[in-house]
Structure formats: C-alpha cells, structure tokens
Amino acid sequence: MKTFAFKIDPMTGEEYYEVYARGRQLLNDPHLNKAASFSKEERLSLGLEGLVRSAIMPLEHQVSRAYEAFNHKPDDLEKYIFLVALQDRSEVIFYKLVTDHLKEMVPIVYTPTVGTACLQMSSIQRRFRGVYITPENIDHIDDLLRNITLPQVNLIVVTDGERILGLGDLGSDGMGIPVGKVSLYVAAGGLHPHVCLPVCLDVGTNNPRLLDDPYYLGYRQPRLRGAEYERIVETFVMAVKRHFPDALLQWEDFGKSTAFKNLERYRDRILSFNDDIQGTGSTSLAALMTAMRIKKSRFSDERYMIVGMGQAGTGISLNILAALKAEGLGDEEARARVFCIDMQGLLVEDDPLLEEPQRPMAQRRAAVADWKLDAPGKIGMLDVVRNGRPTVLVGVTAQTGLFSEAILQEVAKVTDRPIVFALSNPTSKCEATPEQVWKATDGKGLVACGSPFPPMEWKGKVLRSSQCNNMYIFPGVGLGALVAKASKITDGMLLAASRAISEMVTPEQEAQGLMLPEMEDIRKVSTAVAAAVARQAREEGLGRIMDDATLEEAVARAQWEPHFTPYRAG
Ligand SMILES: NC(=O)C1=CN([C@@H]2O[C@H](COP(=O)(O)OP(=O)(O)OC[C@H]3O[C@@H](n4cnc5c(N)ncnc54)[C@H](OP(=O)(O)O)[C@@H]3O)[C@@H](O)[C@H]2O)C=CC1
Ligand SMILES: CC(=O)C(=O)O
Ligand SMILES: [Mg+2]
C-alpha cells in the first residue's frame, strides 16, 4: 500500500504530501521521516505526539548535527555506516548533508569506500534497501515490484554483483554499488529519491569466501548461467516495462560475459545503457578532449595503448576510434593507432582468444609483423610501448601497479606530455598512482584515476590529477533522457555529453593539468550533460521537441533540492 502521495493545493498552489502512514510507521519510513523537523500541526495530525522529542529543528540544524557526528567517526568505513544509517532514517537529511559537502561525502558513499563496504556488506548492513530478485522469487516479480510502495519509479540501477568495482564477484553484497549510484543520481543529478530504485539480480555467487561465510545474506548457490540466467533477466526487464514503462534502466557492474549481451539485447527494447561500457567510454572521451586542448594536439596526433579489454576498455577504445575517424582517418589508419591489450597480450586479428566485442580493435597481423619483441609469442605492454610508441596509456584491468616505472618512462620518451589514465577502482586497484606517474615522467604526465587522489608538489609546482569516473556522465545522462522522454540512449547523446563536460573545464583548470571539472561542480556538470543529452535526443527525433530555453528550464525544474515538504494527513 502506498504511504503517501504528492499533491498540489488547488487553492493556494502549495505542494504537499498526503500522508497515509501514522506514528511509528511514519518515523520508520526514510522517505517520510523528518525526525526533529515535524511541525506542531504534523505531530498532532499524524499521530506523532510523544513519539518525537520536544524540540522542533529546521533541516539545517539537523544537518549540522549529523555533520558533527560524521566528523567524529574514526575511519571511512565507520563514516559509510553512519551515512547509510542516516539515509535509512531520513533521506532528506542524508541528501542535504551529502549535497552540502559533496567533495567529502562522495568518496564515502561512492568509490573508494563503497568498495570496502561491499567487501563486508553482510556484516555491516543494518537495513535492506531496494529490491533483491532471486531465482526463488523471480516468478513473483509483479508482487516484488508492488512491494516497493514508491508512488513512481523513473530510474533503476541494476547489478548482478559479478564484477563489483575491481573487487570481483561479491554476489548480492554488491548491492552497495546500485545504492551508491542512486545516491549520486540524487545528489549530483538532482533526481528525486522517491523515483530511484536500486535492484540486485541475486543469482548466486562463485566467490568461495561468500559461499563459506555463515553470515552471507545472499542467495547461497553457485552463480546461475545460461538460459536460466537469461530468463531471469528477461523476466525482470519485461516486469520493469509493465510496472514502470517510462523508467530508465542502468546496467552496472555485471561480468563482461553478460554485460555486452544484456546491452545489445535490451538497448533498443527499453530505455537503458551500460554505465561501465558507455558511461566510462564517454567520461574518458571528455577527459581526452580536454587533454588534446592542453597539449594543443589532435586525437590523430596521439597513439593509444588501452590495457584491460573488458567493458570499460572496449567502451573507451570504441570512442577513441570514433574520434580518430571524426578527424578524417580511415578505419585502418585509426585502428593502427590504437593498441589494445588483454590477458593474452596485444589483440591481433587472428588471435583465437579474441572475444566478439574486441574484434574492431584488434591490430592487423601485418602491422605488427616486424616488431622487435622481448620474447616470441605474447606481445606484452613493454613490447607495445617500445614498438607502437603510444603517447596515451589507459588502464582498466583492476591490477594494482600494472603500469610499471619502466613502462611510464618509455612513454615519457616519445611525448612531452604523456597522458596516463589509471581508471581501475577502488583506489587499491589503480594501475599507477598519480605520484608514480609524476615521478616516472618528471612531473609531465597528465593523469586521471578512477578514484580521487590528493595533489602533489613537484619541483615547486602543485600537480593535480582528475578523477575520471563515470559519475560525471550517468546522473546527467539519466536526467536528460528522462526530461526529454527519450526512447533510447544513443552514441550521439553520449558524445554530446562528453563535449558538454569537456567544455566546462576552464583554462585555469587546464593549466593545472585537470581534464575534467572539479568534483564539487558535479551538480552543474550533470545539469549541462542533461541539457546536452535532451537536445541531442530532440535532434535525433527520439525525444520531446522543445526549444533550447524550454529544455533547459525543464532540466532545472526536474532537479530536486533536499528540503522537507509539508505533510497533510490523508
Ligand atoms: N573510472 C571509472 O569510471 C570506471 C572504472 N572501472 C574499473 O575498471 C576496472 C575494469 O572494469 P571492467 O572493464 O568493467 O571489467 P571487465 O572484467 O569487463 O574487464 C577487465 C579486463 O581486464 C583484463 N585483464 C585483467 N588483468 C589483466 C592484465 N594483467 N593485463 C591485461 N588485461 C587484463 C580482463 O581479462 P580477463 O577477463 O581474461 O580476466 C578483462 O578483459 C575495474 O577496476 C573497474 O572498477 C570500470 C568502469 C568505470
Ligand atoms: C565507476 C564504476 O562504475 C566502476 O568502477 O565500476
Ligand atoms: Mg561500475
């Protein structure tokens, strides 16, 4: 049963919630609980008298009180536990705190701390959030989705927990990721928390630690594969279409064997995108666009080595190839500048291990035939840097320290400003820290990492790295697609988003080596991305027709700021 409904008073125009819950039920509902901010009238009419303490506090006081408590927590995991507990008590207080202190809070509710939390979710979790779908309950999916009791769902982030950041298969302990992504949809994108739903397809896990852990709270079976897995995904997607026909579905942290298939199968059937493939590809493209401005160079002046050809690597490589072709290079010329490396070494066209999504990025055999290799057989990273002479390195392998000093130094020999993206999350999985890059390149590297890193002093200069993370893309893409009522998310929309982000980087920031806007400005970034996506949807005939001013107004109107809405008993 719904516990509230949004209303507008026809006489005064006041917005309010008609609330059906009473007393404890109301206090226990994080969507509705105002804690010490219930007014006298609300306390009387909603059965709260005696259940709340005497003081009536404005939201700001509750937030500063929470901020003090947050600051007293001894470490980041404790801070995470505190924030999630606050979210479980009152979403408005939680979101006001997070939006008021974005730079401090995002690394806690999101990477890197969310990774630490997912590793021990079954031990630290207090309350369950979102929906868990298992092989045992999938045939009651309509009941499950009705149990949510949200008045409306516009945005769903779904994982099956198989590749949680760079931490591997965490089963349904990985639900921390959709929960964290939803927090950013609200805090950065401005979506209303009542319309966002995290979902876990809990189809088991192949992680022996979890299967053996008596406290593991998930579906304790080996991970489901094949036709039965596909039936669960299909049943879920069809149910989303029935219950929430206008919702956007974000695929998050699936394993690579299912991520590409799910994206292809559903991208034209339901408004959806894969954050790890497309979102990461777009953010990286935005950062590269800025890097080209900083270097006064073109994509076709650079050569690229991408290591880790899974979801992120494929999304990034496809965008680089597209950027090269947009500058006039032919297919073959573009391919010859992009060296993609997976477990078996450089991808070459006749490699029997080549996976389907990797084919467009494989080198021609003839192009590497006369390379001088360290040893016959596998063409490794050092072979590629020595022979292919890349000027841009991208790491998305989840292999800590993979970019050795020797590799970084080789790259620094062929370009004044090596571009190094070590994008694996969380921090502990980074292929090279900014400090390692700067030390190996005499401070010349333009560096981006997936998780945040502090600046460093080098020869009297302060060097800064960017946080190249798909959080710059997905909140705005989601908001823009929803405002535009887009029927799908296209490559053109994602390209428009990349351009919008890169254009926001100021000359002063570029001078400091930053390739993406400051994280504190993520809300403004999301607004710009949303407008760009909505404009592009209109241009492609896939979204509402609005002039630019109307469209920008619609985006601004759709963005929620954390505040308490008045309640009336229903
Ligand atoms: N900054 C950001 O916004 C984002 C960062 N990421 C991060 O990137 C990492 C990878 O994510 P994703 O692409 O989705 O994962 P995938 O599992 O899809 O891909 C990882 C790929 O790296 C390969 N690989 C592993 N070790 C090596 C190695 N030593 N040399 C070459 N290739 C290797 C894997 O091969 P195999 O499968 O054979 O093991 C696989 O193909 C994660 O840490 C994730 O957190 C992801 C998305 C966004
Ligand atoms: C950022 C992100 O989506 C990842 O690391 O998987
Ligand atoms: Mg991800």
Side-chain angles (χ1 to χ4, degrees), residues 106-107 109-112 114-115 118 157-170 174 176-181 184 250-263 273-287 305-318 339-347 351 353-358 361 378-382 384 393-404 407 421-431 448-453 465-475 501 516:
V106 169
V109 296
Y110 191 57
T111 182
V114 70
C118 286
V157 182
V158 61
T159 190
D160 70 0
E162 188 175 0
R163 197 284 284 143
I164 293 299
L165 305 178
L167 304 167
D169 183 348
L170 296 187
I177 295 296
V179 168
K181 295 270 175 182
L184 290 194
Q250 172 169 321
W251 303 97
E252 188 69 47
D253 286 11
F254 282 68
K256 76 173 179 181
S257 68
T258 52
F260 290 102
K261 283 188 198 154
N262 288 338
L263 177 61
F273 72 102
N274 180 299
D275 188 33
D276 300 296
I277 304 171
Q278 297 167 288
T280 315
S282 263
T283 313
S284 304
L285 181 64
M305 178 169 97
I306 293 94
V307 192
M309 286 307 295
Q311 301 163 69
T314 303
I316 295 167
S317 308
L318 286 173
F339 303 101
C340 295
I341 298 183
D342 207 40
M343 283 302 278
Q344 70 269 42
L346 180 68
L347 300 184
D351 178 350
L353 295 175
L354 214 55
E355 294 159 20
E356 209 40 53
Q358 299 173 338
M361 281 78 80
K378 174 172 168 171
I379 304 178
M381 281 188 295
L382 264 174
V384 173
L393 296 194
V394 178
V396 268
T397 56
Q399 300 301 312
T400 318
L402 191 71
F403 290 163
S404 65
I407 289 172
F421 289 3
L423 302 188
S424 289
N425 294 316
T427 314
S428 60
K429 299 289 176 184
C430 188
E431 286 82 3
C449 295
S451 300
F453 278 90
S465 61
S466 300
Q467 185 181 359
C468 181
N469 190 294
N470 50 32
M471 72 178 170
Y472 279 96
I473 282 280
F474 69 80
I501 295 173
L516 292 166

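Both counts, for ligands and for their atoms, begin at 1 and track the order of listing.
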*Under a 4.0 Å heavy-atom limit, does F474 contact ligand 2 with its side chain, its backbone, both, or neither?*
neither
*Which protein heavy atom lies closest to atom 35 (O) of ligand 1, and at what distance to 0.1 Å?*
M343 CG, 3.3 Å
*Which ligand 1 atoms does D342 reach within 4.0 Å, using its non-hydrogen atoms?*
21 (C), 22 (O), 23 (C), 31 (C), 32 (N), 34 (C), 35 (O), 40 (C), 41 (O)
*For M343 and K378, work out which heavy atoms get closest and say how close.*
O-NZ, 3.1 Å
_Heavy-atom pairs closer than 4.0 Å: do any link ligand 2 to the side chain of T111, the backbone, both, or neither?_
neither
*asked:* Check this for me - ligand 1, C468, N or O atoms closer than 3.5 angstrom, yes or no?
replied: yes
*the Mg ion (ligand 3): which protein N, O or S atoms are under 2.8 Å away?*
E252 OE2, D253 OD1, D276 OD1
*Check Q311 against ligand 1 and report side chain, backbone, both or neither, counting heavy atoms closer than 4.0 Å.*
both
_Where ligand 2 meets R163 - atom numbers and elements under 4.0 angstrom, heavy-atom basis_ = 6 (O)
_Residue part near ligand 2, for E252, under 4.0 Å between non-hydrogen atoms_ = side chain
_Run the ring pair (Phe, Tyr, Trp, His ring centres under 6.0 Å) test against Y472 and tell me which residues pass, sequence neighbours left out._
none
*Yes or no on side chain to side chain contact (heavy atoms under 4.5 Å, CB included) for R163 and F254, after CA distance, side-chain angles and deciding distance?*
CA-CA 5 Å; R163 197 284 284 143; F254 282 68; over 6 Å; no
*Indicate, as side chain, backbone, both or neither, the part of N470 found under 4.0 angstrom from ligand 2 when only non-hydrogen atoms are considered.*
side chain
_If the cut-off is 4.0 Å to any non-hydrogen atom of G450, which atoms of ligand 1 fall inside it?_
1 (N)
*asked:* Using a 4.0 Å heavy-atom cut-off, which part of Q311 comes near ligand 2: side chain, backbone, both, or neither?
replied: neither
*For ligand 1, is any non-hydrogen atom under 4.0 Å from M471's backbone (N, CA, C, O), its side chain (CB onward), both, or neither?*
neither
*asked:* My understanding is that only residues two or more places apart in sequence, or in another chain, count here; which of them pass side chain to side chain donor-acceptor pair (under 3.5 Å) with S424?
replied: E431
*For T280, check side chain to side chain donor-acceptor pair (under 3.5 Å) against everything at least two apart and list the hits.*
N470
*Compute the shortest N/O to N/O distance between N470 and ligand 1 and return yes if it is under 3.5 Å, no if not.*
yes
*Within reach of ligand 1, part of D275 (heavy-atom separation under 4.0 Å)*: neither
*Hey, are D342 and K256 close enough for a salt bridge, meaning a charged N less than 4.0 Å from a carboxylate O?*
yes
*How far is atom 5 (O) of ligand 2 from its nearest protein heavy atom, and which residue and atom name does that atom have?*
N425 ND2, 2.9 Å
*Taking N or O atoms only and a 3.5 Å limit, does N469 qualify as a polar contact for ligand 2?*
no
*asked:* For ligand 1, which is the ligand I care about here, please tell me if K429 has any N or O atom under 3.5 Å from one of the ligand's N or O atoms.
replied: no
